[in-house]
Amino acid sequence: MKPTDSDITIRRVLPEDACQIADIYNYYVRETTVSFEVAVLSVEDMRGRIERISGDISVH
């Protein structure tokens, strides 16, 4: 079944999301040419990126 707008929730990224985000991101690093990165990121690297950018985003 295709999700509807009411099935989708957008929220701020949390450091606890790093493992799942790294899994998704690393697939594209390993299997495609859509990323400029050539080495996969560790969960700790992804968590660090999330923590660095999270302070820069304001939600209204």
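Throughout, numbering of the chain's residues begins at 1 and tracks the sequence. Predicted, not measured: the structure shown is a model, and the values here were computed from it.
- Summarising the geometry, atom CG belonging to L14 is positioned 8.5 Å from atom CD1 belonging to I50; distances are rounded to the nearest 0.5 Å.
- Each of V40 and V34 belongs to its own hydrophobic cluster when Ile, Leu, Val, Met, Phe, Trp and Tyr are linked at side-chain heavy-atom distances under 4.5 angstrom.
- Closest approach of I21 to V13, counting heavy atoms only: CD1-CG2, 3.5 Å.
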Q: Decide side-chain contact (heavy atoms from CB on, under 4.5 Å) for R49 and L41; before the verdict, give the C-alpha distance in whole Å, the side-chain angles of both, and the deciding distance to 0.1 Å.
A: CA-CA 10 Å; R49 289 183 180 192; L41 295 177; 3.3 Å; yes
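- When each of R11, R47, M46 is tested with D17 by the rule side-chain contact (heavy atoms from CB on, under 4.5 Å), just one qualifies, namely R11.
- Between V29 and S35 the shortest heavy-atom distance is CG2-OG, 3.9 Å.
- At least one donor-acceptor pair under 3.5 Å links the side chain of R12 to the backbone N or O of S54.
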